[in-house]
Structures are given as C-alpha cells and as structure tokens.
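Read the structure below first, then the notes.
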Amino acid sequence: MSKALDGVRILDFTHVQSGPTCTQLLAWFGADVIKVERAGAGDITREQLRDIPDVDSLYFTMLNHNKRSVTIDTKNPEGKQVLEALIQKCDVLVENFAPGALDRMGFTWERIQELNPRMIVASVKGFGPGPYEDCKVYENVAQCAGGAASTTGFDDGPPVVTGAQIGDSGTGLHLALGIVTALYQRTHSGRGQRVLAAMQDGVLNLCRVKLRDQQRLERTGVMKEYPQYPNGEFGEAVPRAGNASGGGQPGWILKCKGWETDPNAYIYFITQAPVWAKICNVIGKEEWATDADYATPAARLPHLKDIFAEIERWTMTKTKFEAMQILNKYDIPCGPILSMKEIAEEPSLRKTGTIVEVDHPTRGKYLTVGNPIKLSDSPTEVTRSPLLGEHTDEVMAELGYSPEQVSALRTAGAI
Ligand code: COA
C-alpha cells in the first residue's frame, strides 16, 4: 500500500527532541527522511541517558524511527558540496539548530533558494523574532516562557513543569503541520517557503485556555471554577489551578482504594452537568439532585470542594478500575490515573500500534510510542532507528557518487 507522503524527500538536519519528533512523523507518513549527522558523534542524544553501554540510547531510538542516517561534516568544503547535492534533491530541509547555525554553515535562505527554489526550509527555534530570538532553548524553558509553568501546580506551591513534552514534541507537531501545509501550497505556487515554529509560540498555543482565563479574570476579577473560589484570593494573573478541569465542567483528581501505597491509585472525576443526578445516585447523595444548593451547575460552584470530598469518600471504596466500570455505566466522564508501567502493558494500545515493540541490532527489543495519528489509507509500520551513518554509502550512490569518490571523501573527513 502506498503512503501519504510517498515521494517526499526530507533533508533532516534535526537533533535532540523537537526536530526529530517532527521528521519521525513525516517518515511515518511515508516520506524518505535522510538524517544528516556528524561522523563519529551524531545526534547528541545517541549517547545521552544511555541504559546500555555503547548502544544508541532509548532517547535517540524512540525519536528517530523510519529514518536513514548519513554522516556529513557540513563545515568541510567537500562535505558542503555533498549537502548542496542533497538540497537539490530534497523537498524539505528541517532543522532545529541554535539560531544562526545554518547561516554560519553557509546555508542561508538565499543560498538554499539558489540551489533549489522549491525547497521548504522548516525550523524549530526557542523564540520567534524579538528580545529572545538568539537564545538556545530546551523543553522546560519553553514551558516556562509559554505560560505552562505559571499555570501548572497548586496555588500554594511554585510553578511546575509538566511531564508532557509540549515544548519539544508539541512544537515538532506544529512544525510537521507547517511543512505539509507548505508542501500543499507548493503544488500550486511552485515555490518553497520558510516555516518557523517557535517553542514559546507552540506552548502558548497549547495554553490558549489560560489566555482566555486571563481576560476573564481581568474583566470579572473572579473565576468561579478555579479552586481559589470562593475562599481564596485572585491576583492579577491567572493562578495555578491544581487539578481543576480548565473547562466548563468541574473536575478533580480523587483518591481510590489503595492510594496509601500506590501513588497512582487515583481517578479524574468530572461532575458533568447532564449526569449530575446519576452522580448523586452513585455516591448515595440522592438529595443533592433536587437541593437548591446543589441542583444546578451555578449553585454547585461555591461547594465544589465539599462535593469532591464527598465523591472521594465513594471513590476511596473502589479501585480506579472498579470506579471506572461503575461510572462508565452511567456515562459519567472519568479517567484512571495510569502509570507508565500500566500503559506499557495495556493490550489495546499494542493492538492499535500506539505502543510498538521494535527490534534493534545492538539494543535488542524495546518499546516505543508508535504513530498517534492513524490514516486509513496510509498505515504506519514502525521500523528501527538507523545506526550512525548506516545509509551514507547508499545515499551517496543515489546522489551519483562512485564508491571511489565516497572513499576519498571519507578519507578527507567530509563524510
Ligand atoms: N557538521 C558540522 N557541524 C555541524 C553538523 C554537521 N553535520 N551538525 C551540527 N553542526 C554544528 C552546528 O553548525 C553548530 O555550530 P556553530 O555553533 O559553530 O554554528 C554546532 O554544531 C552546534 O549546534 P547547536 O544547535 O548550537 O547545538 P547545541 O548543542 O549547542 O544546542 C540546542 C542545542 C537544542 C539548545 C540548540 O540547538 C537550540 O536552541 N535549538 C533550537 C531550539 C530547539 O530545538 N530546542 C529543543 C531541542 S529538543
């Protein structure tokens, strides 16, 4: 079966996490992704957080599936020529170097356009144009600068970063959408263009609801679904809301049976308005369904703390899975707090290809997260990440270099 991006060639100049997640997605959709790395070193994540000596780390393998790896020293004049040949052959160049690195290598937008006017140049940077545009940025810097950290955590504690890699993988997703959009525009414009996804912007996009709340707060001085209401205080900026739902249906994380010893024996419980009567029935507080202080969503807002404490008295008598089973019967929205161990062992995620077991020549078998986006006409087969320079000879041959030329370039340190 053909793949959605069959025939699209990606010159993958990415490293660490944000860029590699983007190009991995494009590879899963069928693009030929040629990852350019430095000989002898490669993407720094190959050796970071290693769990097996001298073997590509899980950090690297889980972000670079379905790609080919070539080694080129792009600061070597002959290496530069190889890169130029690749620029002429590819549709998209993706990079997430520190600001200015591509220009310093001699590959400015103008130069790339000279080489290939159809080339799309896609970049992840920490910040867009402005005071911080020259800064190097990692995940948590973006979470802090994009509004996630100031709005995450509890009111009486410091800002908190989230485990979800919204700065890196989130921005990689944004960039991938920018790339396929630019490829589509090229079908009628005939031209390439630059695509920029700044990590601060990507995080802010995912924190959109908090900018919504900032404006609500400025207008009304209060947000009744936040835990600060009715007894706490609101300041000038959106406060941290603990585990409040962030939407119009109040929710909270509640203890379940076993919470004393199992750090994940919890459930997220949403007091969705249409099923309020059912919630009252399940927890044995039937009178709340008609009591004027509890019967309507607006009436409930000042009592949310008490309501969740009462519901928790019920959830603590059930395991999170028992609670799920009972609540689902009544269409009450809820979700178990799943540990990574539970997720890794979940058969349904294996069945859909969301969790995949991959075999690697030096690492052996390991688990990875497969393509979370399922296309019915373009199924994803996850294949292992490449060894450093595994495809250099193959790609050089495709570029028209003879084996003798390849070995001369190797001796000169260009590849
Ligand atoms: N051949 C020769 N030189 C190469 C090369 C190759 N194949 N690949 C990379 N290099 C060089 C670059 O040209 C650069 O050289 P320069 O500093 O002389 O211009 C150098 O390697 C280092 O690149 P840089 O991007 O600065 O790496 P770093 O390890 O210092 O910084 C980041 C890492 C992630 C902080 C930085 O790349 C960054 O801010 N990227 C943008 C934001 C981002 O994506 N952050 C999230 C990462 S998950």
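Atoms within each ligand, like the ligands themselves, are counted from 1 in listed order.
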Report summary line: For His15, the ligand 1 atoms with a heavy-atom partner under 4.0 Å come out as 25 (O), 27 (O), 33 (C), 37 (O)
Query raised in the report: Do Gln17 and Gln165 get their side chains close enough for a donor-acceptor pair, meaning under 3.5 Å?
Result: yes
Requested in this report: With Arg216 as reference, evaluate Arg212, Glu218, Gln214 under the side-chain contact (heavy atoms from CB on, under 4.5 Å) test and give the passing residue.
Outcome: Arg212
**Report entry** Cationic N near anionic O, under 4.0 Å, Arg68 to Asp32
**Finding:** yes
**Report entry** Over-ring placement of Arg240 relative to Phe154, 6.0 Å and 45° cut-offs
**Finding:** no
Query raised in the report: Any N or O on Arg38 sitting closer than 3.5 Å to an N or O of ligand 1?
Result: yes
Query raised in the report: Taking Ile415 as the fixed residue, which of Asp393, Val395, Val82 is the one that meets the side-chain contact (heavy atoms from CB on, under 4.5 Å) rule?
Result: Val82
Query raised in the report: Any idea which part of Arg104 is under 4.0 Å from ligand 1, heavy-atom wise: side chain, backbone, both or neither?
Result: side chain
Report summary line: Looking only at protein heavy atoms, what sits closest to atom 18 (O) of ligand 1 is Lys75 NZ, 2.7 Å
**Report entry** Ser18 heavy atom under 4.0 Å from ligand 1
**Finding:** yes
Query raised in the report: What about Asn96: any of its N or O atoms under 3.5 Å from an N or O on ligand 1?
Result: yes
Query raised in the report: So, are Glu37 and Lys67 salt-bridged, with charged N and O less than 4.0 Å apart?
Result: no
Requested in this report: Would you check if there is a donor-acceptor pair between the side chains of Lys374 and Thr354 at a distance under 3.5 Å?
Outcome: yes
Query raised in the report: Can you check whether Ala98 has an N/O within less than 3.5 Å of an N/O in ligand 1?
Result: yes
Query raised in the report: Among pairs that include at least one residue of residues 319-330, which meet side-chain hydrogen bond (donor to acceptor under 3.5 Å, both in side chains), considering only residues two or more places apart or in two chains?
Result: Lys320-Glu342
Query raised in the report: Any N or O on Ile72 sitting closer than 3.5 Å to an N or O of ligand 1?
Result: yes
**Report entry** ligand 1 to Gln17 polar contact by distance, N or O atoms, under 3.5 Å
**Finding:** no
Query raised in the report: So which heavy atom on Glu357 is nearest to which on Lys365, and how close?
Result: OE1-CD, 3.2 Å
Query - Closest to atom 29 (O) of ligand 1 among Phe127, Phe107, Tyr138, Phe97 (heavy-atom distance) - result: Tyr138
Query - Atom indices of ligand 1 within 4.0 angstrom of Val124 heavy atoms, with elements - result: 41 (C), 44 (O)
Report summary line: min-distance protein heavy atom vs atom 28 (P) of ligand 1 -> Lys136 NZ, 3.8 Å
Query raised in the report: Hey, is ligand 1 close enough to Asp168 that some N/O pair sits below 3.5 Å?
Result: no
Query raised in the report: Checking salt bridge (Lys or Arg N to Asp or Glu O under 4.0 Å) for the pair Arg300/Glu225: CA distance, chi angles, key distance, verdict?
Result: CA-CA 10 Å; Arg300 288 194 287 278; Glu225 77 286 8; over 6 Å; no
Report task. Check each heavy atom of Met105 against ligand 1 and say whether those closer than 4.0 Å belong to the side chain, the backbone, both or neither. Result -> side chain
**Report entry** Sub-4.0 Å atoms of ligand 1 with respect to non-hydrogen atoms of Asp73
**Finding:** 1 (N), 2 (C)
**Report entry** salt bridge (charged side-chain N to carboxylate O under 4.0 Å, His left out) partners for Glu84, two or more places apart
**Finding:** Arg111
**Report entry** Where ligand 1 meets Val16 - atom numbers and elements under 4.0 angstrom, heavy-atom basis
**Finding:** 47 (C), 48 (S)
**Report entry** N or O pair under 3.5 Å between Val137 and ligand 1
**Finding:** yes
Query raised in the report: Does the protein put any heavy atom within less than 4.0 Å of atom 22 (C) of ligand 1?
Result: no
